[in-house]
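Side chains included, hydrogens not; waters and symmetry mates left out as well; all remaining heavy atoms used. Both counts, for ligands and for their atoms, begin at 1 and track the order of listing. Just so it is clear, the structure is predicted and the values come from calculations on it, not from any experiment.
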Amino acid sequence: MERIRAARGSALRCKGWRQEALLRMLENVLENGENQRELVVYAALAKAARDWKSYHAIVESLKILNEDETLVIQSGKPIGIFKTHAFAPIVIMANCNLVGKWADSEHFYQLQEKGLIMWGGLTAAAWQYIGSQGVIQGTYEIFSAIARKHFGGSLAGRFILTAGLGGMGGAQPLAGVMANAAILCVEVDEARIDKRMRVGYLQRKTADLDEALAWIGEAKEKNESVSVGLLGNASEIYPEILGRGIVPDIVTDQTAAHDLLYGYVPAGYSLEDVQRMRRENPEKLQADAGASIAREVEAMLEFKRRGSIVFDNGNNIRTQAFRHGVKDAFDIEIFTEAFLRPLFCRAIGPFRWVALSGDPEDIRRIDEMILREFPDNEIAVNWIRLAGKYVPFEGLPARIGWFGHGERTRLALEVNRMVREGRLSGPIAFSRDHLDAGAMTHPNIMTERMKDGSDAIADWPLLNGMLNCCSMADLVAIHSGGGGYAGYMTSAGVTVVADGTPEADIRLKHALDNDTGIGVLRYADAGYEEALDEVRKKGLRRVLT
Ligand code: NAD
């Protein structure tokens, strides 16, 4: 079968740029994905479409769709085309939503087996994944926040230990180097290590722990940054490093620990063993994965007791360890509460834009515009400078930038003007991660220990999604968790296309303002001072205070 690659250039296959944009975004998540044959984009099982038949039907539907019609997608399968109006979304989708009592991994796997459902991750099914770059600024901002809080502002001479070099975890080595650290990434699949080296996210690889630690030690001594991929299993390597009396400065993990059947590889298993056991004895495979995670988390807890800064980077590793007997697993902090919540209170989060023409110059021109127009935004200016220097493009050229309420709209309207005036070679699609201010409920990741105890209330992402439809976004998605995340999360995604038209000005303004506006109000409602301050500063209309 021919490999899917996003179309480039100015020729349209659809009846308008909005439809063409979404088609290219769909192709782009597959181009950048981890396993195109299975339509898997990242996070072990997060897919772009239910099956190949659905994929082709989506493509054909987008090609025939008129400006005033909406395509409805259920868990990666296109259901129907409806007459709406020219300011309605082009695509709406609901992926993997199960009612509460049935929302567990067992039911999910059964329904998946029957071909009735698929997990869409966050940005996979919503066609917003932009390669490892999508998560890289988040990882970098976490490292930088740790540097400010614990290491006098710099990670030079510091050792980060982590694991997992998959679709998202693959951002870690580059983020570590950008933060000036020496970072060791344990990965069980050599092909993933090679992929990160090929795309320029990882510098060195070895299968020898001694060699890896020597490289790290050398870099530390010279206050130089380095990224090392070590072929091995984290549940064996973490205890081994601990046993040698080495205490890294920062410890985390981004293996696909959320999924015991398709994600985490148990100690002693080869990749072939995993595939065989999935068929022959899935119960034992899951039990072994759980036991291995428990071992790894025990080591992480001991690193913490010895002084490392240890955090969970959003892969449910603590939950899995807790279920497998590690009663103090939640002594490990979650990255969102510890480092990112003050930003989310102001709806500063992982905004991103994709050059649909495929021309990297478009992203560079937008970089220049940001440096010129947003000189007071320290986070953005610092990031854009670093990203321009370090971050290679994967698939359609794209950039991530943590912008907040009001700023996203300003940026997008300026870009729409650049498209209109022919200063860019084609339209730009704007979207964001679902892990964004009001867009996600996940009581063990995004909304852990909310000030008012509203951790598990999923009304917020649902309202966010509905509001985005009312606000004329081009694509709106509502997702819930699948695999090991089933029952744990609900989220909303949004994409809006800057095609240079005056109508796009209207869509961008309302969709982006309201998307971030409800995020700020979510945190204001929970009583966060930063959000209340943002409400006052930006004149958001809160009804009951
Ligand atoms: P992925 O499936 O693409 O990659 C996971 C990697 O872990 C694979 O390369 C796999 O070989 C490796 N691995 C599995 N078991 C291992 C073990 N025992 N030792 C060493 N390596 C092992 O997943 P991904 O997209 O990189 O996501 C990783 C995790 O991060 C997922 O749980 C995902 O849901 C979560 N995530 C967090 C955020 C965030 O914002 N923090 C964002 C996206 C994803």
Using a 3.5 Å distance criterion without hydrogens, assess whether the side chain of [X] forms a donor-acceptor pair with backbone atoms of [Y].
X	Y	value
His434	Met440	no
Arg352	Ala398	no
Thr139	Gln172	no
Gln254	Gly164	no

Identified side-chain contact (heavy atoms from CB on, under 4.5 Å) counterpart of Leu161 within the set Val247, Leu184, Ile246, Leu230 |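 Single pass found, and it is Leu184.
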Determine the sole option in Thr336, Val520, Thr447 for which the side-chain contact (heavy atoms from CB on, under 4.5 Å) test with Phe344 is passed.
->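 Among the candidates, only Thr336 passes.
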Looking only at heavy atoms, what is the nearest atom pair of [X] and [Y], with distance?
X	Y	result
Leu261	Pro282	CD1-CB, 3.8 Å
Met93	Leu475	CE-CD1, 4.1 Å
Arg449	Tyr528	O-OH, 3.8 Å

Taking only heavy atoms of [X], which atoms of ligand 1 are found under 4.0 Å from at least one of them?
X	value
Gly169	26 (O)
Val186	20 (C), 21 (N)
Glu34	3 (O)
Asp189	11 (O)
Gly164	7 (O)
Asn233	17 (C), 18 (N), 19 (N)
Gly166	1 (P), 3 (O), 4 (O), 6 (C), 9 (O), 26 (O)

Taking the six-membered ring for Trp, are the ring centroids of Phe108 and Trp119 within less than 6.0 Å of each other?
->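 No - the distance between ring centres of Phe108 and Trp119 does not fall below the 6.0 Å cut-off.
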Do any N/O atoms on [X] end up under 3.5 angstrom from N/O atoms on ligand 1?
X	answer
Leu435	no
Phe335	no
Asp433	no
Gly170	no
Val135	no
Ala163	no
His258	yes

So between Asn315, Val188, Ile293, whose heavy atom ends up nearest atom 20 (C) of ligand 1?
->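 Closest candidate by heavy-atom distance is Val188.
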Out of Ile237, Thr139, Val265, who gets a non-hydrogen atom closest to atom 15 (N) of ligand 1?
-> Val265
Tell me the protein heavy atom at minimum distance from [atom], and give that distance in Å.
atom	value
atom 2 (O) of ligand 1	Ala44 N, 2.7 Å
atom 36 (N) of ligand 1	Gln254 NE2, 3.6 Å
atom 14 (C) of ligand 1	Gly263 O, 3.5 Å
atom 41 (N) of ligand 1	Asn313 O, 2.8 Å
atom 5 (C) of ligand 1	Ala256 N, 3.6 Å
atom 22 (C) of ligand 1	Thr255 CG2, 3.4 Å
atom 25 (O) of ligand 1	Ala43 N, 2.8 Å
atom 35 (C) of ligand 1	Gly314 O, 3.5 Å

Decide salt bridge (Lys or Arg N to Asp or Glu O under 4.0 Å) for Asp328 and Arg305; before the verdict, give the C-alpha distance in whole Å, the side-chain angles of both, and the deciding distance to 0.1 Å.
-> CA-CA 12 Å; Asp328 50 355; Arg305 286 188 281 273; 3.8 Å; yes
Hey, does Gly232 sit under 4.0 Å from ligand 1 if you only count heavy atoms?
->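 For ligand 1, residue contact (heavy atoms, under 4.0 Å) with Gly232 is present.
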Heavy-atom gap Tyr485 to ligand 1 smaller than 4.0 Å | yes
With heavy atoms under 4.0 Å as the rule, classify the contact between Arg192 and ligand 1 as side chain, backbone, both or neither.
->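 Side chain only.
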Quick look: Glu187 vs ligand 1, heavy-atom contacts under 4.0 Å, and the answer is both
Asp253 and Tyr238: side-chain contact (heavy atoms from CB on, under 4.5 Å), yes or no, with the steps?
-> CA-CA 10 Å; Asp253 170 288; Tyr238 281 36; 4.1 Å; yes
Does a side-chain N-to-carboxylate-O contact under 4.0 Å join Glu34 and Arg196?
->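 Salt bridge between Glu34 and Arg196, a charged N being under 4.0 Å from a carboxylate O: yes.
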Angle class for the Trp383/Tyr140 ring planes (parallel below 30°, perpendicular above 60°, tilted otherwise)?
->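 Geometry flag for Tyr140 against Trp383: tilted rings.
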Donor on one side chain, acceptor on other, Thr206 and Asp208, under 3.5 Å | no
Check the pair Glu187, Lys195 against salt bridge (Lys or Arg N to Asp or Glu O under 4.0 Å), reporting the backbone distance first and the verdict last.
-> CA-CA 12 Å; Glu187 168 58 60; Lys195 178 169 179 180; over 6 Å; no
